[in-house]
Every structure is written in structure tokens, then in C-alpha cells.
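Let me begin by presenting the structure, written as C-alpha cells, before commenting on it.
If you read the sequence from its start, that first residue is 1, and numbering goes on from there.
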Amino acid sequence: MSEAPTVTRTTAVGRRVLLVLDASPRALSLPETGQLHVGRSASSADLVLDDPSISRLHVRLTLEPGRVLATDLESKNGTRLGGRALAPSIATELPFGVVLEIGDVPVVLQPGHGAIEQWVERLAPERQDAAAGAGTAMQRVRRILARVAPDDVSVLLLGETGAGKELLAEALHQGSPRARGPLLRLNCAAMGESLFESELFGHEKGAFTGAVAQKAGLLESAHGGTVFLDEIGELPLGLQSKLLRAIEQRVVRRVGGRVDLPIDVRFVSATNRDLEAESARGTFRSDLYFRLSGFTVRVPPLRERLDELPELAASILTAAATERRITAPRLSTASLAALRAHPWPGNVRELKNVLVQALILSDGRVIEPSDLPLEEMRARAKSLADATPRASVAEAPLPAMAPASAHPSTDPGLRERIEAALQTTAGNQTEAARLLGISRRTLIHRLEELGIARPRKR
């Protein structure tokens, strides 16, 4: 049997850590390879969990350099990942930030760096909720973030485009001691490298053509608050080293400047990419990934939390109706069933688009299936389902496209995927590029090559 992990009492840099949230919450530093058997038997298990819900040998964790696999060993009370029961004897990848319930004992896999003990005790109350199976997958995420919010640890939110990562970043900010400070939102995919650097760090007068006056950077303006780096996986490599310096040393240097200026901000990042895999490939700096992912949480897609769809739909309809100064209609039973049957490749953002369109088409009292754009929804889902398989963590809904230098004829389904992405995002080119897994600049280049008219700004 493999060597059992040792209890972490200090910072574990570059290792994976398993948070065990039983009666005695603790953090275990996992070996890079091997097998870890979890159960009640002190003679057979590597990790002993003294809980009546745990079988003698309950679950096996297979440790590989790039992933951790969980296999339920035909336990009496089962094993659940993100609220879903694991089939016995079938290995399932355990992502960072997702609650794995071993019987009634929740555990959470985290990147092994940062001061573990700072927040393991804060998460301890979560064990009671998760062990009782209370709430939905999204409610568990919110409870975990509520425990993490008061700490200043950097948080990385993983999840598909449109799953609600920005709203959770706002909740983190509002639940922190920095709530009275600014919340700075930065879309790393929306700006070119030179513009992004100037905006992020500021510039001195005469630093470049057009710099007619000194300008403070956005990180300076966020002093005392939170910086939300959306789509951090899109950040160019040239800027990653400069951002890393700002995070490590808590200083910035303006473009053309010679003086380091102190900053006091908390960083929250979000991405639909697998940054661990990209770090291994060299497309994302591993040291920056370690700094950003002090605590990692996976945001479940809408199709994994359909139980909250009625409440979520009602909230969206109420907000949209209030904005238009009309009475919010209700969803008929048939309409709600139709919404439940849709796979929601665009997640909450797609749901909002669908409901706003239905609100406009309805008679003002009840939304019926005839008010829903069902054919468009089905066509969109089919187009995205025809794409390549989803990534293991980020589950990007469309396959990555070829580089801009490649000729479009090598990708026969390119036009259809671009048009589907633009339809899903209501013509928003930045969001469409995210769905396609490319930069906005590459998308524009493809639109020009294929003769697709660029959507006009509204």
C-alpha cells in the first residue's frame, strides 16, 4: 500500500492538498504519485476517517502528476462529487475546489500552496452542511466562498462562460473587510497588451506617443479594495510576469516610470480554461497560477443545478420586468419543463437572453412555450454539441480554433461555430471569442476571412 500523506503544518508549495472537513478539520499534503485508500479501518486505510458513515475501505484516490482520480470501493453509504453519486469501481477525476463527500465526510482538493492553516478552520463549519447533504451544488459553493471571503487569500474561480463567476466575485468582495473599498473588474481578453499594461499600471507623461499627461493605473485606483481579473487565462505571457511582480511585492511601476508604488488589493480571478494544464504546457506561468489560486472553487454549470432554475428564472424575469416598468409574468408548467430540458451551453447568460426574449413576446401574464425561442435553443445546443469534447475542468463549450495564420478551409465547421457563438452571445464579439476559446483579435480576423459581417454595437 502506498505511503500515507503527512499532515501539513506549514506552507506546501507546488503540491496538492486535501482538506478533510470532519470533526477535526485538517490539511494533508498529497504525494505526486501513488494510491491513497480512505476508510475506517486503521489496518487497511492510508487515511483513516473515524465516522460511522465511512466503510472499512470506502474510496481510493489515485494520484498522478496531472490529476487525482476518485474511485468508490463499493462503499455502503456511497461517495458524491459535487452532489452527484459516483458509480462504484469507476474512476472519476477530482477537480480542484469541488466538494467530495466520502460518506458524510466532505473533503476538498486544493492546489498545494499558500498558508493552508489560515483558512482550514474557517471552512470547518461547512462540513456540517455538506455532510447533511443540505442545499444544491451552487449553495455549497456560496457557503464555501462565505467562509473564504473574510480572509485576504487570492481566489480562483473555475467554470464555463456564463456560469455566474462575476456574481460570485462580487459576493466575495461584499463579504470581505474590503467591502467599503472599490471592486475593480478587468476583462483580460478585452484589451490589447500595450493598452492593458498602460491601463493596469498607469503611465508617466511622455512614456509613449499620446501620453500627454501622467496617469495613475487601475491597480492604484483599487487601493483598499478587490481586483477581479476575469478571463485570466487570456492574459498575454508578456503581462503575466508584470502582474506576478505586482501580486508578490504589492507594488506597481507605471509605464515609463522609475519608482515603485505600493498597492493594497485582493485578487480574485476567473477563467474557463484549465490553468494547471496550460502551466504544464508553458502557455501560462506556473508561478502566477500558484499566486492566483490560493483557494480554488469550481462554479458548476447551469445544467448541473437545474433544481434552482425556477427561482433563478423568476429572479431574472423580475429584474427584466422592473427595468421595463412592467409586471413580471410567471412561467407556465410547460415552459418550465421546456427550460429544464435544455442543456444550457451558454449557462445563466443564455437563460437570461432566452427569458428576456420571452418576456417581450408574452402576453404579459404568463410565459408559454410558444413565447420561448425553442427552435433557436435547440439549434444552438446542437451546434455546440457537435463541437469537440469539453475540457476536464473548464468544460469550454466550443473547441479551440486554429491560429489566425491557418487558412479557414482546414476547419469546415468554422463558420457554423462562429455564427452559433455570436447568436449565443447576442452578437457580443468578446463573449463569442471566449466561447470559441480564442482571442477577440483572432475572432475578428476569422470574421473578415469568412466574410461574416461584424455585429454592430447597440
Side-chain angles (χ1 to χ4, degrees), residues 1-6 12 14-22 27-41 43-49 51 53-112 127 130-131 133 137 140-141 144 158-160 272-281 293 296-301 303-305 388-397:
M1 188 164 294
S2 61
E3 179 183 354
T6 56
R15 303 288 294 277
R16 293 166 297 191
V17 170
L18 190 70
L19 300 183
V20 181
L21 305 177
D22 57 6
L28 306 179
S29 179
L30 300 179
E32 186 174 12
T33 60
Q35 291 188 339
L36 179 73
H37 291 82
V38 184
R40 290 190 68 189
S41 173
S43 61
S44 304
D46 301 313
L47 173 58
V48 178
L49 299 180
D51 187 279
S53 68
I54 304 297
S55 298
R56 178 176 173 274
L57 279 181
H58 197 111
V59 69
R60 178 177 63 246
L61 299 181
T62 302
L63 312 174
E64 300 178 357
R67 61 179 182 171
V68 175
L69 302 173
T71 305
D72 181 83
L73 301 176
E74 299 185 354
S75 62
K76 180 179 179 181
N77 293 310
T79 306
R80 292 169 297 282
L81 179 61
R84 290 188 173 187
L86 298 185
S89 303
I90 297 179
T92 302
E93 184 168 356
L94 176 58
F96 288 137
V98 182
V99 175
L100 178 71
E101 298 170 53
I102 303 174
D104 288 342
V105 176
V107 302
V108 184
L109 183 68
Q110 288 289 316
R127 70 181 183 272
R140 289 191 184 96
V141 167
I144 288 176
L158 302 176
E160 295 180 10
N272 63 354
R273 295 182 178 274
D274 186 344
L275 293 188
E276 187 179 28
E278 296 205 9
S279 295
R281 290 195 296 266
S293 57
T296 302
V297 175
R298 177 181 175 266
V299 183
R303 63 182 174 277
E304 292 182 9
R305 45 186 168 111
T388 55
R390 302 175 185 269
S392 59
V393 174
E395 297 184 319

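With hydrogens and angles ignored, the 3.5 Å screen pairs no side-chain donor or acceptor of Arg273 with any backbone N or O of Leu158. Here the side chain of Gln110 pairs a donor or acceptor atom with the backbone of Thr296 at under 3.5 angstrom. Side-chain atoms of Arg305 come within 3.5 Å of backbone atoms of Pro300 as a donor-acceptor pair (strictly under, hydrogens ignored). Under a 3.5 Å cut-off, the side chain of Asp46 and the backbone N or O of His37 do form a donor-acceptor pair. For the pair His58 (side chain) and Gly78 (backbone), a donor-acceptor distance under 3.5 Å is present.
Separation of atoms CZ (Arg298) and CD (Glu304) is listed at 4.5 Å; rounding is to 0.5 Å. Annotation: the span from Arg84 atom CZ to Thr79 atom OG1 amounts to 16.0 Å, rounded to 0.5 Å. Separating the OG1 atom in Thr62 from the CG atom in Leu94 is a distance of 11.0 Å, to the nearest 0.5 Å. To the nearest 0.5 Å, atoms CG (Asp104) and CD1 (Ile54) are separated by 7.0 Å. Between atom CG of residue Leu63 and atom CD of residue Glu32 there is a gap of 10.0 Å, rounded to the nearest 0.5 Å. Here CZ of Arg80 is found 10.5 Å from CD1 of Ile102. Values are rounded to the nearest 0.5 Å.
A salt bridge between Glu276 and Arg16 is absent, with no side-chain N of the basic residue lying under 4.0 Å from a carboxylate O of the acidic one.
Side-chain atoms of Asn77 and Ser55, non-hydrogen and from C-beta on, never get closer than 4.5 Å to each other. Residues Leu100 and Leu109 are not in side-chain contact: their nearest non-hydrogen atoms beyond the backbone lie 4.5 Å or more apart. Annotation: side chain of Leu81 is in contact with side chain of Pro95 (closest heavy-atom distance under 4.5 Å). Taking the side chain as every heavy atom from C-beta outward, Leu49 and Val38 approach each other to under 4.5 Å. Residues Leu61 and Leu18 form a side-chain contact, since some pair of their non-hydrogen atoms from C-beta on lies under 4.5 Å apart. Looking at heavy atoms from C-beta onward, Leu86 lies out of side-chain contact with Val59 at the 4.5 angstrom threshold.
Residues Val141 and Val297 share a closest heavy-atom pair of CG1-CG1, 3.7 Å. Between Ala27 and Val17, the shortest heavy-atom contact is CB-CG1, 3.8 Å. Across Leu69 and Glu93, no two heavy atoms sit closer than the pair CD2-CA, 3.6 Å. Nearest approach of Val48 to Ala45, heavy atoms of both residues: CG2-O, 4.1 Å. Heavy atoms only, all atoms of each residue included: Ser53 and Val105 are closest at OG-N, 4.4 Å.
With sequence neighbours excluded, no residue forms a side chain to side chain donor-acceptor pair (under 3.5 Å) with Thr92.
Taking a 6.0 Å sphere around CD of Glu64, one finds it holds more than 12 heavy atoms contributed by other residues, nucleotides or ligands.
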